[in-house]
There are 2 protein chains.
Amino acid sequence: MERYLENTKVFKALGDPKRAMIVDMLSCGELCACMILEKFEMSQSTLSHHMKLLCECGLVKGREQGKWTYYSLDTDTVSRTKQFFSALTSDKGSCICKEGAGCCKGCDENE
Amino acid sequence: MERYLENTKVFKALGDPKRAMIVDMLSCGELCACMILEKFEMSQSTLSHHMKLLCECGLVKGREQGKWTYYSLDTDTVSRTKQFFSALTSDKGSCICKEGAGCCKGCDENE
DNA sequence: ACCTCAAATCTATAGGCTTCGATATGGGTA
DNA sequence: TACCCATATCGAAGCCTATAGATTTGAGGT
């Protein structure tokens, strides 16, 4: 189960539409927190909390410069997460879970 | 913001490690609910609840046959979600959010 | 018709999440 | 040093979610 937790944190972070939108905004390039705040109707403390979650899951990196904090995407995490979906549609047919053999990609770690 | 909700539901569903694991198991092929239940320490009602969420977000399809319900991945939804991550690492440089122009992929729908 | 079994639904509860206002931190500036 | 301003953190309120037990539904077998 532990092997899923890394991706799970990313998915939890993206499970909030505002955070998904922030990530999308950052795909265009680095942004200062105050610029992100301008785009939303939320308090500064709420945005700060969202950015913390996005950083903690690895999707976003923060860079402090003077009074300001600039945020940008961590493309490594984006790629890793994307691979989760690639794996779902590949490697088919090798599993005999139907026979209850505990053989599939996730079975091993559940005992 | 609305354009994100479809993906948001998928991410929320995958934000639970057990559900992420179930999805991974299903990538090996169709499975009966009772077979999935064998792999986890959870009650039948809890599994049923998880499967309902996975179906509602479109990641999983259910097929009833007699007393049993077989679940499988909806590869269309998997592909669509994967594209969300592809978009994050492409189309760079076209955004002038840094000037606060409200131009990025998500900005338009936030006013 | 009755019983059995798989699955879904109902109900309640405990824990987590989002949000805000208030406060703290820490850099720049006068 | 004293004062702004951008962020981060704290604490509380309300909402959402995960979970299990009990019940219901519905298909198959006796």
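Note on naming: letters A, B, ... go to the chains in the order of the sequence lines (proteins, then strands), and numbering restarts at 1 for each one. Keep in mind that this is a model prediction, so the values were computed, not measured.
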Novice: Which nucleotide in the set dA8(C), dA18(D), dT7(D) lies at the smallest distance from any side-chain heavy atom of His50(B)?
Specialist: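 In terms of side-chain proximity for His50(B), the closest of dA8(C), dA18(D), dT7(D) is dA18(D).
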Novice: Within the pair Thr46(B) and dA20(D), is there a side-chain N or O less than 4.0 Å away from OP1 or OP2?
Specialist: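 Yes, because at least one side-chain N or O of Thr46(B) sits under 4.0 Å from OP1 or OP2 of dA20(D).
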Novice: Considering only side-chain heavy atoms of Lys67(B), which listed nucleotide, dT18(C), dC5(C), dT7(D), is closest?
Specialist: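 Of all the options, the side chain of Lys67(B) is nearest to dC5(C).
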Novice: Using 4.0 Å as the upper bound for N to carboxylate O, is an ion pair formed by Glu30(A) and Arg63(A)?
Specialist: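 Looking at Arg63(A) and Glu30(A), the cut-off is met.
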Novice: Figure out the CE/C1' separation between Met51(B) and dT19(D), and round it to whole Å.
Specialist: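 One finds 17 Å between C1' of dT19(D) and CE of Met51(B), rounded.
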Novice: Which listed nucleotide (dA6(C), dA8(C), dT19(D)) is nearest to the side chain of Trp68(B)?
Specialist: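 Within the option list, the nearest is dA6(C).
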Novice: With a 4.0 Å cutoff (strictly under), does any side-chain N or O of Tyr71(B) reach OP1 or OP2 of dA8(C)?
Specialist: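 Yes.
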Novice: May I ask you to verify if any side-chain N or O of Ser43(B) is less than 4.0 angstrom from the OP1 or OP2 atom of dA20(D)?
Specialist: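 Yes, such a contact exists.
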Novice: Grab the CG-P distance between Leu37(B) and dT19(D) for me, whole Å please.
Specialist: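 Whole-Å distance recorded here is 13 Å.
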Novice: Ignoring hydrogens and angles, tell me if any N or O in the side chain of Ser79(B) forms a donor-acceptor pair with the backbone of Thr75(B) under 3.5 Å.
Specialist: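 At least one qualifying donor-acceptor pair exists.
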Novice: Atom CG of Leu53(A) to atom P of dT9(D): distance rounded to whole Å?
Specialist: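 Atom CG in Leu53(A) sits about 11 Å away from atom P in dT9(D).
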Novice: Nearest whole Å is fine: how far is dA7(C) C1' from Glu64(B) CD?
Specialist: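 After rounding, the gap between these two atoms is 8 Å.
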Novice: What is the separation between atom NZ on Lys9(B) and atom C1' on dT17(D), rounded to the nearest whole Å?
Specialist: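 After rounding, the gap between these two atoms is 16 Å.
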Novice: Report yes if a donor N or O on one partner sits less than 3.5 Å from an acceptor N or O on the other, where the partners are the side chain of Ser45(A) and the base of dG21(C); otherwise report no.
Specialist: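 Per atom types, the contact qualifies.
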Novice: Using heavy atoms to find the nearest nucleotide of DNA chain C for Met42(A) and Leu47(B) separately, return the residue whose nucleotide is more 5′.
Specialist: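 Result of the comparison: Leu47(B).
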Novice: I'd like to know if Gln44(B) reaches the base of dA20(D) with its side chain, counting only an N/O donor and acceptor under 3.5 Å.
Specialist: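 Counting by modelled atom types and ignoring angles, no donor-acceptor contact under 3.5 Å is found here.
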Novice: For the pair made of CE in Met35(B) and C1' in dA7(C), what is the distance, rounded to whole Å?
Specialist: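 The distance from CE of Met35(B) to C1' of dA7(C) comes to 15 Å, rounded to the nearest Å.
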Novice: Check every atom of dT7(D), dA7(C), dA8(C) against the side chain of Cys32(B) and return the nucleotide holding the closest atom.
Specialist: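 It is dA7(C).
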Novice: Is there a donor-acceptor contact under 3.5 Å from the side chain of Ser90(B) to the main chain of Ser86(B)?
Specialist: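 Yes, Ser90(B) side chain to Ser86(B) backbone: donor-acceptor pair under 3.5 Å.
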Novice: Classify the angle between the aromatic ring planes of Phe11(B) and Phe85(B) as parallel (below 30°), tilted (30 to 60°) or perpendicular (above 60°).
Specialist: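 The arrangement is perpendicular - the two ring planes meet at more than 60°.
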Novice: When the distance from CZ of Phe40(A) to P of dT7(D) is rounded to whole Å, what number comes out?
Specialist: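 Rounding to the nearest Å, CZ of Phe40(A) and P of dT7(D) are 15 Å apart.
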Novice: What's Ser48(A) touching, base or sugar-phosphate or nothing? Going by heavy atoms closer than 4.0 Å.
Specialist: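 Base: the residue Ser48(A), judged by heavy atoms under 4.0 Å, touches a nucleobase.
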Novice: Applying side-chain hydrogen bond (donor to acceptor under 3.5 Å, both in side chains) between Asn7(B) and each of Arg80(B), Gln83(B), Lys12(B), report the one that passes.
Specialist: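 Result for side-chain hydrogen bond (donor to acceptor under 3.5 Å, both in side chains) with Asn7(B): Arg80(B).
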Novice: Calculate the interatomic distance between His49(B) atom NE2 and dT11(C) atom C1'; express it in whole Å.
Specialist: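 Interatomic distance, NE2 of His49(B) to C1' of dT11(C): 13 Å.
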